[in-house]
Amino acid sequence: MLYRENGQFKTSYAADQQIFAIAQDRWAILAIIVFALVGVPLLVDEYLFRAILIPFLILSLAALGVNILVGYCGQITLGAGAFMAVGAYAAYNFHIRIDGLPLLVSFLLGGCTAAAVGIVFGIPSLRVRGLYLAVATLAAQFFTDWVFLRVPWFTNNASSGSVSVANLQILSWRIETPVDKYLLCLTILVVFALLAKNMTRCAIGRQWMAIRDMDVAAEVIGIRPLFAKLSAFAVSSFFVGTAGALWGFVHLASWEPAAFSVDRSFQLLFMVIIGGLGSIMGSFFGAAFIVILPIALNQFLPAIGSVFGVSISTAGVSHAELIIFGALIIFFLIKEPHGIARMWSTGKEKLRLWPFPH
Amino acid sequence: MSREFGELILDLQNVSLAFGGVKALTDISFDVREHEIRAIIGPNGAGKSSMLNVINGVYRPQQGEIILRGQHFTRMNPYKAACAGISRTFQNIALFKGMSVIDNLMTGRNLKIRSNLLQQAFWWGPARREELAHRARVEEVIDFLEIQHIRKTPVGRLPYGLQKRVDLGRALAMEPSILLLDEPMAGMNVEEKQDMCRFILDVNDQFGTTIVLIEHDMGVVMDISDRVVVLDYGRKIGDGVPDAVRTNPEVISAYLGASH
């Protein structure tokens, strides 16, 4: 009954083209952002920040990037982990080699480097598509694994092969506590999500979707596949690369190439498939599902077991976690192949009419 | 009804197209005058769709030339054709299924968008203003085609007849000077056909758009077109005003059939 748009008349195209066209949505999203900025730091303990919230925010950013490429432009990629690695190592090199370079600039330059590498590895998309393209982008994965392991320059000749950063600082704000890190990631994520939303509702987003849905018709209308596909690779890799820089600098603080292995690429791809291809919201749902659910299961399984008088061993918990997690993925994909985002929007449609059936 | 035609706008000279050993078009020449409705007819596999694909550069003919407003093109490509003001609809609807009707029509405005990626990412002044201006133009097309009620529906959910109409709308949103229609009435019922005829005639009349049309419904073709080209097995077997084509013995034996 509360979620109604009765009486909200649009009298201009500007009002009709808002991101959140329904007033209740605008208030809800504002409330969520304010709560995340002010409420969460007061309520949540340090473990939750470290183990759940910060990884969730950073992987949401990466999933957003992957969704631009896979969900909006329809180019399947298995190279997301590689672009994260490029972003992280490029930001690291900018950070240590240029004295006094502001931290945020290092992140963005890391993102830009990833975008450039993304364009190079996106070139095969002009010729091959679908699964073949996925295999071609795997090349990026193996290439970066090799480069960052074998070329010592990129790791500043670190003998152990792992690199580390310390004393992060933006202007006079020292980023030390998990709360600081959380706020930094949250701010960057909100800004980037807004940029992504703007792009997808503008001409460039329509070009991507046109290429995804029917490339011959798109060409006939005057869309150049070269520009549309490579710009999707660039923007996507920029997002993923920035997320990689955050993952290295803020979440891990010290890392080696294994942190960005092919597992990460698969994880990101699963996030956008489960969350919802071609949906900004879906990227967040997918990241939440994959980051939070295993940990939540891990915490709650013993509790549930004890209710039924069963004590579950630690190993049993971790096995059961995998089983339930897998089953849930299958359940979601059968129930709604278009992902959680579609369930969400169907739910909202129903809510608009509730309690009436039509 | 006397109709005024302008200059020669599109001229195809000795076009031949083959796929390996299969000859789709053999030495075909015909022209299109400004503001006219030009029909291409012929039995299945005669090369009608290939003809349209040659005109807007999807296929490259091995021989022949396309002269568009006095400009010679031996190698046309879809982008050049779109820039030159040629737009088209497709026989088996090639809409962007995941996008809403409005977004589909907005893609038709793509060539007129001037703002760059950064401006669009920041929803910066020029990008925003452009988006609103094009939306207003697209709404005019929506009004023209009477599809206001479905403007926000994803096209994949629309019935066939409406999809055909959206397909026409997307082509119209480009404000083309030449509109290629590939079987705009295939699979439609009588009422939908009547609507579609009305739209085609109105486009031709109000915007002065030149129309090249492929259609199998002979009643429609003979009624609305100014001149008709007949193809059979990739060859041109007839060309002229509807009445002349109707009585051409070669056309009758290949396609129309004798009246009983």
Side-chain angles (χ1 to χ4, degrees), chain A residues 10 12-19 21 68 71-74 112 115 191-228 230-232 234-235 238-239 276-279 338 342 345 349, chain B residues 52-53 56-58 77-84 86-90 93-99 102-124 127-136 138-139 151-152 155-156 167 170-171 173-174 180:
Chain A
K10 308 288 189 307
S12 69
Y13 295 133
D16 195 42
Q17 284 172 335
Q18 296 174 86
I19 298 178
I68 286 176
Y72 282 96
C73 197
C112 290
V191 172
F192 273 58
L194 191 63
L195 296 184
K197 184 68 200 173
N198 280 340
M199 278 186 273
T200 52
R201 67 180 170 145
C202 257
I204 186 71
R206 288 192 296 268
Q207 289 194 13
W208 293 336
M209 289 187 276
I211 288 285
R212 169 195 71 188
D213 284 349
M214 190 65 77
D215 50 357
V216 178
E219 244 187 302
V220 164
I221 256 170
I223 292 170
R224 280 167 299 182
L226 179 102
F227 177 78
L230 292 189
S231 65
V235 172
F238 178 75
F239 276 55
L277 289 168
S279 153
H338 296 289
R342 179 64 68 84
S345 66
E349 283 293 311
Chain B
L52 288 200
N53 282 330
N56 79 342
V58 177
N77 69 40
Y79 183 72
K80 271 196 253 175
C83 291
I86 300 179
S87 74
R88 74 172 286 181
T89 67
F90 293 83
I93 307 177
L95 286 170
F96 308 126
K97 294 240 186 308
M99 299 160 73
I102 283 188
D103 280 343
N104 265 278
L105 299 198
M106 286 292 274
T107 54
R109 308 293 299 174
N110 182 55
L111 278 174
K112 302 190 193 311
I113 301 258
R114 292 284 160 268
S115 61
N116 60 36
L117 202 154
L118 270 184
Q119 289 169 329
Q120 291 176 20
F122 286 97
W123 199 239
W124 197 254
R128 199 184 66 230
R129 279 195 297 276
E130 222 174 22
E131 200 74 3
L132 295 178
H134 288 303
R135 171 72 189 270
V138 160
E139 289 289 341
R151 54 160 80 84
K152 299 227 165 134
V155 292
D167 199 8
R170 186 179 61 183
M174 289 175 72
L180 313 178

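Numbered from 1 within each chain, the chains take letters A, B, ... in sequence-line order.
Side-chain atoms of M199(A) and L117(B), non-hydrogen and from C-beta on, do get closer than 4.5 Å to each other. At least one side-chain heavy atom of F96(B) sits under 4.5 Å from a side-chain heavy atom of I221(A). Annotation: side chain of Y13(A) is in contact with side chain of E139(B) (closest heavy-atom distance under 4.5 Å).
With a 4.5 angstrom heavy-atom cutoff, A218(A) touches chain B via backbone and side-chain atoms both. D103(B) touches chain A through backbone and side chain together, each having a heavy atom under 4.5 Å away. With a 4.5 Å cut-off on non-hydrogen atoms, S87(B) does not touch chain A at all. Using a 4.5 Å cut-off between heavy atoms, Y79(B) touches chain A through backbone and side chain atoms alike. Residue contact with chain B, scored on non-hydrogen atoms closer than 4.5 Å, involves the backbone and the side chain of R201(A) alike.
With chain A as the partner, the residue from K152(B), H134(B), E130(B) showing the most heavy-atom pairs under 4.5 Å is K152(B). Interface check for chain A: of the options I113(B), L111(B), N110(B), the most heavy-atom pairs under 4.5 Å are formed by N110(B). Of the listed residues (A136(B), A173(B), G156(B)), the one with the most heavy-atom contacts under 4.5 Å to chain A is A136(B). Across R88(B), M106(B), R128(B), the residue that shares the most heavy-atom pairs under 4.5 angstrom with chain A is M106(B). Highest contact tally toward chain A, considering only K97(B), M99(B), M174(B), is held by M99(B) [criterion: heavy-atom pairs under 4.5 Å].
Taking all atoms of both residues into account, the shortest heavy-atom contact from A217(A) to R170(B) is CB-NH2, 3.8 Å. When every heavy atom of F122(B) is checked against every heavy atom of N198(A), the shortest pair comes out as C-ND2, 3.8 Å. Smallest separation of non-hydrogen atoms from Q120(B) and I204(A): OE1-N, 2.9 Å.
The distance from the CG atom of D16(A) to the CD1 atom of I102(B) is 6.5 Å, given to the nearest 0.5 Å. Atom CH2 in W123(B) sits 8.0 Å away from atom CD1 in I19(A) (nearest 0.5 Å).
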